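Worth saying up front: this structure is predicted, and the values here are computed from it rather than measured.
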Amino acid sequence: PKTQKNLDRQAQSKDLGDLSKIDKFFAAQWDTQGRNNTLIRYGLMIMDSGLDLYETEQRVKEFNGKFKDPLSADEINASIMKTLSKKGTK
């Protein structure tokens, strides 16, 4: 449909054209699932692949920085990384 929301998604999709397929999967959820939930799920996927918490944090921040409306570094540290660190210690 030719709605503004759909046109915005198409524009954002073009802006993120250099992402891997898995990154595009998570990028598609940015607006619908929420930024926090998307970054937490993205981080959990990275940790499940075997990377440590430090590398996960770097990748989450890099992924977050590719969006027009990224979370602040404080919000990532207080929310996303706090959740991921709890999951990483189990």
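The minimum heavy-atom distance between M81 and N77, with the atom names listed, is CB-O, 4.0 Å.
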Can I get a per-line list of side-chain donor-acceptor pairs under 3.5 Å for residues 39-50, giving both atom names and the distance, sequence neighbours left out?
unit_1 : atom_1 : unit_2 : atom_2 : d
R41    : NH1    : Q29    : OE1    : 2.4
Y42    : OH     : D23    : OD1    : 3.0
S49    : OG     : I46    : O      : 2.6

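Using a 4.5 Å heavy-atom cutoff, the side chains of I76 and E57 are not in contact. Residues D52 and T56 form no side-chain contact, since every pair of their non-hydrogen atoms from C-beta on lies 4.5 Å or further apart.
Rounding to the nearest 0.5 Å gives a distance of 9.0 Å between OG of S79 and CG of N37. Atoms CG and CD1, from N36 and I80 in turn, are 4.0 Å apart once rounded to the nearest 0.5 Å.
Between W30 and F67, the ring planes lie parallel to each other; the angle is under 30°, not in the 30° to 60° tilted range.
Side-chain N or O atoms of N64 include none that pairs as donor or acceptor with a backbone N or O of P70 at under 3.5 Å.
Take R35 and apply the salt bridge (Lys or Arg N to Asp or Glu O under 4.0 Å) test, not counting sequence neighbours, and it matches no residue. Considering only residues two or more places apart in sequence or on other chains, Q58 meets the side chain to side chain contact (heavy atoms under 4.5 Å, CB included) condition with Y54.
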